[in-house]
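One structure below.
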Amino acid sequence: MTNSFFQHHQTAHCESGVISNLLGHYGLQISEPMAFGIGAGIFFGHLPFLKVNGVPGTTYRIWPGAIFQRVCKRLGVRMESEKFSTPEKGMQALDKVIEAGIPVGLQSGVYYLPYFPASYRFHFNAHNLVVYGKQDGQYLVSDPVMDTVTTIDPESLAQARFAKGFPAPKGKMYYPVHVPPSASFEKPIKAGIEQACHFMLKVPIPLFGVKGIRFLSKKVANYAENPGDRKATLYLGNIIRMQEEIGTGGAGFRFLYAAFLQEAAELLKKDELSRLAGELTKTGDLWRNFAFAAGRVCKSRSADNVSYKELSQMLLECAASEDAFFRKLAQVKW
């Protein structure tokens with residue numbers, strides 16, 4: 001069965017893109033930056049003890065699924081969400097829902113999605129996409145990071161939905177059961193901003209928020225000795241990848257959050273948010289400069305203590321810029 005009425009829009013980030021496309025299908029229009037901002041998606045964390053493919057985890061966004069949960073709660077959307085013990089049960093449940101003409105959000109591993117270019121297929125299990133129908137034995141896919149709709153065979157989709165590793169998707173699927181025809185964004189915007197400021201400034205654990213950026217800076221300064229040059233290249237490469245490829249929209253979502261603030265400024269007639277959007281764009285440029293310099297260290301044969309110390313200093317500049325930005329954002333008077 002097909003569902004030709006599903007409107008696909010390409011976005012920068014999979015989770016906020018799926019929110020925008022799914023809710024838009026039911027008439028609740030919300031842009032990707034607005035979904036990301038209301039969901040307080042912006043974040044930072046460095047988890048040296050949590051190894052993903054043998055490399056310490058670094059994230060520039062809040063944990064998978066949180067943006068969706070927050071947006072739904074703040075806009076009055078009710079979702080049905082399920083995980084499954086076996087691929088058979090997961091695929092049967094998916095078929096049942098799409099046969100009813102309901103587009104379904106799925107969490108999946110990137111590695112098993114054959115429509116991705118080979119260079120983008122690696123073991124990352126927190127990707128989101130929409131399946132909106134089935135035709136000639138193939139599932140119809142709206143993957144928000146692709147420029148157009150595509151298809152996937154059942155075997156590959158089952159593999160992607162039940163990929164092993166952290167976080168294990170376990171066939172997670174979700175779809176709206178109640179979407180209000182319209183919603184006021186004013187309170188959700190404020191709530192999202194307040195929550196983002198809290199997570200960036202006030203989480204007491206030194207691995208998260210602005211403290212987490214400074215923590216990573218100390219680690220990078222010593223990369224030549226620990227973990228040593230060869231592993232340091234892998235560690236740095238992952239930091240860049242999470243910032244520029246997984247941190248889609250560039251600079252670890254900083255440009256995407258700036259776009260949210262710009263949209264919120266126009267919606268709420270609040271020029272202060274527009275000025276802060278400009279400041280965050282400059283912070284995004286600092287992150288981009290770090291990624292460029294770190295990429296050169298990864299590729300160069302001359303990486304040494306000086307190189308890592310310079311990268312460490314660039315991270316401290318990013319931390320200082322984010323600290324100043326979020327303190328100003330937290331003080332906006334509503």
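For this chain, numbers begin at 1 and follow the sequence in order.
- Looking only at distances, no side-chain donor or acceptor of T150 sits under 3.5 Å from a matching main-chain atom of Y115.
- A donor atom on one side chain and an acceptor atom on the other are found under 3.5 Å apart for S156 and D153.
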Check the pair M173, F84 against side-chain contact (heavy atoms from CB on, under 4.5 Å), reporting the backbone distance first and the verdict last. CA-CA 9 Å; M173 60 181 249; F84 304 91; 3.7 Å; yes
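- Taking T11 as the reference, nothing meets the side chain to side chain donor-acceptor pair (under 3.5 Å) condition, with sequence neighbours excluded.
- Side-chain atoms of T283 come within 3.5 Å of backbone N or O of E279 as a donor-acceptor pair.
- Put simply, the side chain of K96 never gets that close to the backbone of M91: no donor and acceptor are under 3.5 Å apart.
- Taken together through direct or relayed side-chain contacts under 4.5 Å among Ile, Leu, Val, Met, Phe, Trp and Tyr, M242 and L256 form part of one hydrophobic cluster.
- In this model, a donor atom of one side chain and an acceptor atom of the other lie less than 3.5 Å apart for H127 and D143.
- Note that NZ of K172 is 7.0 Å distant from CG of N128, once rounded to the nearest 0.5 Å.
- With salt bridges taken as basic N to acidic carboxylate O contacts below 4.0 Å, one links E186 and K190.
- Scored by the salt bridge (charged side-chain N to carboxylate O under 4.0 Å, His left out) test, E15 finds R61 as partners (sequence neighbours excluded).
- Under the 4.5 Å side-chain heavy-atom criterion for Ile, Leu, Val, Met, Phe, Trp and Tyr, I213 and F215 are members of the same hydrophobic cluster.
- Crowding of K83 atom NZ: a count of heavy atoms from other residues, nucleotides or ligands under 6.0 Å exceeding 12.
- To the nearest 0.5 Å, atom OG of residue S16 and atom CG of residue N21 are 10.0 Å apart.
- Using the six-membered ring where Trp is involved, F326 and Y257 have ring planes that are tilted, between 30° and 60° apart.
- A donor-acceptor contact shorter than 3.5 Å links the side chain of K51 to the backbone of P48.
- Here the side chain of K309 pairs a donor or acceptor atom with the backbone of A221 at under 3.5 angstrom.
- Around the NZ atom of K170, the shell of radius 6.0 Å holds no more than 12 heavy atoms that belong to other residues, nucleotides or ligands.
- Here H9 contributes atom NE2 and S20 contributes atom OG; the two are 7.0 Å apart, rounded to the nearest 0.5 Å.
- With R254 contributing its side chain and G284 its backbone, the two residues share no donor-acceptor pair below 3.5 Å.
- Environment of NZ in K211: crowded, with over 12 heavy atoms of neighbouring residues, nucleotides or ligands closer than 6.0 Å.
- Y139 places a side-chain heavy atom less than 4.5 Å from the side chain of P154.
- Other residues, nucleotides and ligands place no more than 12 heavy atoms under 6.0 Å from the OH atom of Y111.
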Going through the distances and angles, do V71 and L23 end up as a side-chain contact (heavy atoms from CB on, under 4.5 Å)? CA-CA 10 Å; V71 169; L23 298 188; 4.3 Å; yes
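- Transitive grouping of hydrophobic side chains (ILVMFWY, heavy atoms separated by less than 4.5 Å) brings L113 and Y132 into a common cluster.
- Using a 4.5 Å heavy-atom threshold, the side chains of H46 and F44 count as touching.
- A donor atom on one side chain and an acceptor atom on the other are found under 3.5 Å apart for S31 and E263.
- A distance-only check finds no donor-acceptor pair linking the side chain of N222 to the backbone of E225 [under 3.5 Å].
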Report the C-alpha separation of Y223 and L311 in whole Å, then their side-chain angles, then the decisive distance to 0.1 Å, and conclude whether the side-chain contact (heavy atoms from CB on, under 4.5 Å) test is met. CA-CA 10 Å; Y223 267 6; L311 291 178; over 6 Å; no
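- Side-chain atoms of E317 and W287 form no donor-acceptor pair, as typed in the model, at a separation below 3.5 Å.
- Between F36 and F260, the gap from one ring centroid to the other reaches at least 6.0 Å.
- Without hydrogens or angle criteria, R74 side chain to P188 main chain gives no donor-acceptor distance under 3.5 Å.
- Just one residue in the list Q243, E310, Q313 forms a side chain to side chain contact (heavy atoms under 4.5 Å, CB included) with F290, and that residue is Q243.
- Cluster membership for I239 and F43, using ILVMFWY side-chain heavy atoms within less than 4.5 angstrom, is shared.
- Using a 4.5 Å heavy-atom cutoff, the side chains of K270 and V332 are in contact.
- In terms of modelled atom types and a separation under 3.5 Å, the side chain of H13 and the main chain of V145 share no donor-acceptor contact.
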R288 vs E244, salt bridge (charged side-chain N to carboxylate O under 4.0 Å, His left out): CA-CA, chis, key distance, verdict: CA-CA 8 Å; R288 274 273 165 93; E244 295 299 331; 2.9 Å; yes
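- Atom CG in L286 sits 12.0 Å away from atom CG in L316 (nearest 0.5 Å).
- For F199 and F208, the ring centers sit 6.0 Å or farther from each other.
- Proximity of the aromatic rings of Y175 and H25 is defined here by a centroid distance below 6.0 angstrom, and this criterion is not met.
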Please assess R327 against F325 for the test side-chain contact (heavy atoms from CB on, under 4.5 Å), listing each intermediate value before the final yes or no. CA-CA 5 Å; R327 287 185 191 283; F325 164 78; over 6 Å; no
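- Side-chain contact between L216 and L207: absent, with no pair of heavy atoms (C-beta onward) separated by less than 4.5 Å.
- Taking the side chain as every heavy atom from C-beta outward, N289 and M314 approach each other to under 4.5 Å.
- Summarising the geometry, atom CG belonging to L75 is positioned 5.5 Å from atom CZ belonging to F185; distances are rounded to the nearest 0.5 Å.
- The CG atom of L234 sits 10.5 Å away from the CZ atom of R241 when rounded to the nearest 0.5 Å.
- Around atom OH of Y26, more than 12 heavy atoms belonging to other residues, nucleotides or ligands sit under 6.0 Å away.
- The hydrophobic clustering, which links ILVMFWY residues whose side-chain heavy atoms are closer than 4.5 Å, places L94 and V141 together.
- Looking only at distances, a side-chain donor or acceptor of Q107 sits under 3.5 Å from a matching main-chain atom of N125.
- For the side chain to side chain contact (heavy atoms under 4.5 Å, CB included) test with L329, the passing option among L280, L201, L273 is L273; the others fail.
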